[in-house]
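Single-structure report; data block below.
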Amino acid sequence: MIKKKAYALFIVLMLLLCAACVSIVRVSHGEEYVAAAGAQSLYRLDVAKARGTIYDRNLVPLVGGDTKCVAAVAPTIETIGALEMATEGQYRDRLALALEDGRPFQLTLEEPVVDPRVDVFQVPQRYTEDQLAPHVIGYLDSLGGGAAGVELAMDDVLRQYEGEISVTYRVDALGRAIPGEKRQIVNTMEETVGGVALTLDSQLQQVVQEAAQELDKGAVIVTEVPGCEIRALASVPDFTPLDLSSVSGDENSPLVNRAFSAYAPGSVFKLVTAAALLEEGLGDTTFTCVGSLNAGGLQFHCIDNTAHGELDLEGALQKSCNCYFINAARVLGGQKVLSMAYNLGFGQAQEFGRGLWASAGGLPTLKDLNNSRALANFSFGQGELTTTPLQLCAMMNTIASGGVYTSPELIEGLVNGDMELTELSSSASKTIRVMKASTAQTLQKALISTAQEGTARPGTPENGVAGIKTGTAQTGVFEGEEELLHFWYCGFVCDDFGPRYCVTVLRESTPDDGGSTARVFKKVAEALLASLKEGN
């Protein structure tokens with residue numbers, strides 16, 4: 001210990017010697033330096049700047065949770081010597097340069113330094129390495145303004161609650177701090193508590209974000225019934241706003257929010273055709289599947305050319321029979337299915353704020369559906385049809401809530417400086433009945449049956465009730481001889497009172513899912529069921 005102190009003292013003496021040398025050089029400039037030294041001015045050191053906070057639904061901060069220790073330093077010989085001893089030489093090179101320069105500076109420390117000559121602040125960091133919901137939160141531009149996500153969409157609100165930490169020093173004409181002069185400290189970081197509250201639940205978000213990593217490329221979204229509030233959203237691969245440059249050239253496009261992007265939905269869309277069939281009073285329609293069906297000269301097949309035999313609507317959903325729904329669309333005509341799709345929110349973009357959009361996806365036109373091949377593709381979620389994971393969650397929410405469509409919500413409201421929440425209603429939000437309650441109930445029953453006995457069994461949660469529809473969508477893109485496919489799980493989870501949450505899982509562009517979509521759905525569903533049992 002004595003040796004360490006002696007060494008530190010030696011270093012301080014060396015720094016003093018360097019400073020003396022610098023002073024000799026400066027004095028050698030003669031009368032010009034002396035005259036300049038007589039002029040004094042103020043130097044403001046900006047230690048940190050911040051803006052309004054983004055919260056989850058429970059007013060838990062989603063940004064600014066971590067802090068770093070920053071020292072504001074006027075580099076006098078005594079102050080530099082004190083820092084050198086307190087940090088045991090960790091920042092020696094930086095301190096030596098600062099002493100030579102003479103101007104006030106800031107230094108990020110691993111541990112606080114207690115010295116009356118050094119001002120130490122705990123500065124909030126806007127983002128973390130493992131940032132929650134980065135695709136929703138977004139990031140800032142080089143000037144500290146919103147550039148993407150909620151940061152951009154609610155930029156005007158977040159700017160209203162800006163805060164700063166600054167220290168103002170009296171300096172000479174060369175910008176060097178004048179020893180012994182008082183410094184002025186401004187710290188308005190407490191003013192940044194106002195901002196925006198989202199509908200996200202940070203605990204659910206953590207679970208979903210971790211579960212989604214298994215997908216490699218894809219998305220998971222959770223909404224709550226009946227209001228269709230987005231409680232969690234994850235897109236993978238993800239990114240950290242702390243280092244955007246590391247993903248700028250990534251061919252997997254980590255900055256893209258896949259939950260708001262459009263893809264072919266595959267068999268999940270069969271629920272739309274089924275809803276149209278029920279609305280027309282044709283829910284008792286049966287069909288004998290022989291494994292394939294000709295439409296406009298093109299042969300359409302069920303998976304693996306399986307002949308499902310005679311099926312009713314529930315059986316067709318259980319086995320995900322393509323031929324049943326092609327026949328159903330023929331019976332209904334393109335207009336009925338297209339209208340149901342539109343009423344369920346497909347083909348319509350949604351804006352949550354400036355620059356924060358969920359894609360409209362694509363619907364075929366009625367003229368397109370006059371072609372029997374196009375109608376066949378449309379009936380089971382292929383062809384020109386594309387939808388977002390968010391749109392599929394809203395469709396499932398309609399079924400789970402008894403047939404009432406509610407547009408998804410992401411912004412809960414505005415938070416003032418006293419931490420008071422004012423709910424924010426969007427002019428774009430809508431709630432409309434699009435199917436009879438009996439239609440929704442029939443589909444709920446069929447989806448629960450599909451989860452228990454049909455194609456969705458691998459994703460069915462233990463010790464809980466869920467209704468699920470799976471989908472595998474062709475892309476027409478090949479990797480070698482294998483076609484890349486989109487894999488879907490879309491459903492709801494129930495408590496004793498009925499459906500409570502809707503979950504959509506997408507794994508994008510892979511020749512073989514390997515069961516990952518089912519595993520992710522199951523993990524998320526079980527977490528939701530656990531939260532329901534805990535009363536959250």
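- Here the NZ atom belonging to Lys469 is positioned 13.0 Å from the OG1 atom belonging to Thr504, to the nearest 0.5 angstrom.
- At a threshold of 4.5 Å between non-hydrogen side-chain atoms, the residues Gln203 and Asn58 do not count as touching.
- Glu129 and Thr240 form no side-chain donor-acceptor contact under 3.5 Å, judged by distance and modelled atom types alone.
- His308 and Phe287 have their aromatic ring centers separated by at least 6.0 angstrom.
- The CG atom of Leu277 lies 8.5 Å from the CG atom of Asp284; values are rounded to the nearest 0.5 Å.
- When only modelled atom types and interatomic distance are considered, Gln125 and Asp66 share no side-chain donor-acceptor pair under 3.5 Å.
- Looking at Gln131, its side chain never comes within 3.5 Å of a backbone N or O of Pro241 through a donor-acceptor pair.
- Leu369 and Leu375 get closest at one heavy-atom pair: O-CB, 3.7 Å.
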Kindly indicate, with the supporting measurements, whether the criterion side chain to side chain donor-acceptor pair (under 3.5 Å) is fulfilled by Thr450 and Lys319. CA-CA 8 Å; Thr450 301; Lys319 295 179 170 56; over 6 Å; no
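- Closest approach of Trp488 to Ala473, counting heavy atoms only: NE1-CB, 4.4 Å.
- Annotation: the span from Ser372 atom OG to Leu298 atom CG amounts to 9.0 Å, rounded to 0.5 Å.
- Asn252 approaches Lys217 most closely through the heavy-atom pair OD1-CD, 3.6 Å.
- Within the 3.5 Å criterion, the main-chain N or O of Thr510 finds no donor-acceptor partner in the side chain of His486.
- Checking side-chain atoms of Thr460 against main-chain N and O of Ala451 turns up a donor-acceptor pair under 3.5 Å.
- Leu532 is listed as a side-chain neighbour of Tyr501, based on a closest heavy-atom distance under 4.5 Å.
- In this structure, Phe352 has its ring center closer than 6.0 angstrom to the ring center of Phe260.
- Scanning both residues, Pro134 and Gln209, for their nearest heavy atoms gives CD-NE2, 4.0 Å.
- In this structure, the side chains of Ile448 and Phe492 come closer than 4.5 Å at one or more pairs of heavy atoms.
- Between the OH atom in Tyr55 and the CG atom in Leu198 there is a gap of 11.5 Å [rounded to 0.5 Å].
- For the pairing with Glu412, the side chain to side chain contact (heavy atoms under 4.5 Å, CB included) check across Leu424, Leu421, Thr422, Leu59 returns one residue only, Leu421.
- Taking 4.0 Å as the cut-off between side-chain N and carboxylate O, Lys523 and Glu214 do not count as a salt-bridged pair.
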Glu162 and Lys49: CA distance, side-chain angles, deciding distance, side chain to side chain contact (heavy atoms under 4.5 Å, CB included) verdict: CA-CA 7 Å; Glu162 291 180 330; Lys49 289 185 179 293; over 6 Å; no
Using the rule given for side chain to side chain donor-acceptor pair (under 3.5 Å), can you reason through Tyr263 versus Glu508, listing the C-alpha separation, both sets of side-chain angles and the distance that settles it, and then say yes or no? CA-CA 9 Å; Tyr263 304 86; Glu508 173 192 334; 3.0 Å; yes
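- For the residue pair Leu244 and Leu255, the shortest heavy atom distance occurs at CD2-CD2, 4.0 Å.
- Under a 4.0 Å N-O distance rule, the pair Lys336/Glu279 does not qualify as a salt bridge.
- Using modelled atom types and a 3.5 Å distance limit, the side chains of Gln335 and Ser339 yield a donor-acceptor pair.
- Contact detail for Met396 and Leu271: the closest heavy-atom pair is CE-CD1, 3.7 Å.
- In the displayed structure, Glu423 atom CD is contacted under 6.0 Å by at most 12 heavy atoms of other residues, nucleotides or ligands.
- Side-chain polar atoms of Lys270 and Ser267 form a donor-acceptor pair below 3.5 angstrom.
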Determine whether Leu447 and Ile468 satisfy the following criterion, side chain to side chain contact (heavy atoms under 4.5 Å, CB included), listing intermediate values before the conclusion. CA-CA 5 Å; Leu447 288 167; Ile468 310 170; 5.9 Å; no
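- Between Asn257 and the choices Ser359, Pro389, Ser235, the side chain to side chain contact (heavy atoms under 4.5 Å, CB included) rule is met once, by Ser235.
- To the nearest 0.5 Å, atoms CD1 (Ile230) and SG (Cys393) are separated by 8.5 Å.
- Between the side chain of Glu310 and the main chain of Thr286, no donor-acceptor pair closer than 3.5 Å is present.
- Residues Asn322 and Ile303 have side chains not in contact (no heavy-atom distance under 4.5 Å, counting atoms from C-beta outward).
- The backbone N or O of Lys436 sits nowhere less than 3.5 Å from a side-chain atom of Gln441 that would complete a donor-acceptor pair.
- Between Cys494 and Arg500 the shortest side-chain heavy-atom distance does not fall below 4.5 Å.
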Test log, rule side chain to side chain donor-acceptor pair (under 3.5 Å), inputs Arg507 and Thr517: CA-CA 6 Å; Arg507 186 172 186 193; Thr517 312; 6.0 Å; no
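- Two residues are said to be in side-chain contact when any heavy atoms from C-beta on lie closer than 4.5 Å; Leu338 and Leu363 meet this criterion.
- The aromatic ring centroids of Phe269 and Phe378 lie less than 6.0 Å from each other.
- The backbone N or O of Arg373 sits less than 3.5 Å from a side-chain atom of Asn371, completing a donor-acceptor pair.
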Yes or no on side chain to side chain donor-acceptor pair (under 3.5 Å) for Asn377 and Ser379, after CA distance, side-chain angles and deciding distance? CA-CA 6 Å; Asn377 269 319; Ser379 72; over 6 Å; no
Before giving the answer on salt bridge (charged side-chain N to carboxylate O under 4.0 Å, His left out), spell out for Arg57 and Glu229 the whole-Å C-alpha distance, their side-chain angles and the decisive distance to 0.1 Å. CA-CA 10 Å; Arg57 61 179 299 205; Glu229 301 92 349; over 6 Å; no
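- Checked for salt-bridge contact, Asp495 and Lys533 miss the test: no charged N lies under 4.0 Å from a carboxylate O.
- To the nearest 0.5 Å, atom SG of residue Cys228 and atom CG of residue Leu410 are 11.5 Å apart.
- Proximity of Val434 to Val404: side-chain heavy atoms (C-beta onward) are nowhere separated by under 4.5 Å.
- Salt bridge Glu224/Arg231: present, at least one basic N to carboxylate O contact under 4.0 Å.
- Of the candidates Thr199, Val208, Ile221, Ile221 is the only one forming a side chain to side chain contact (heavy atoms under 4.5 Å, CB included) with Leu233.
- Side-chain contact between Val503 and Val505 is present, with heavy atoms from C-beta onward closer than 4.5 Å.
- Put simply, the side chain of Asp250 never gets that close to the backbone of Val247: no donor and acceptor are under 3.5 Å apart.
- Proximity of a side-chain donor or acceptor of Thr365 to a complementary backbone N or O of Asp368 within less than 3.5 Å is detected.
- Checked by atom type and distance alone, the side chain of Glu351 never pairs as donor or acceptor with a backbone atom of Leu356 at under 3.5 Å.
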For Arg354 and Asp156, what are the C-alpha separation, side-chain angles and deciding distance, and is it a salt bridge (charged side-chain N to carboxylate O under 4.0 Å, His left out)? CA-CA 10 Å; Arg354 178 166 57 98; Asp156 55 340; 5.7 Å; no
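- A donor-acceptor contact shorter than 3.5 Å is absent between the side chain of Asn416 and the backbone of Gly194.
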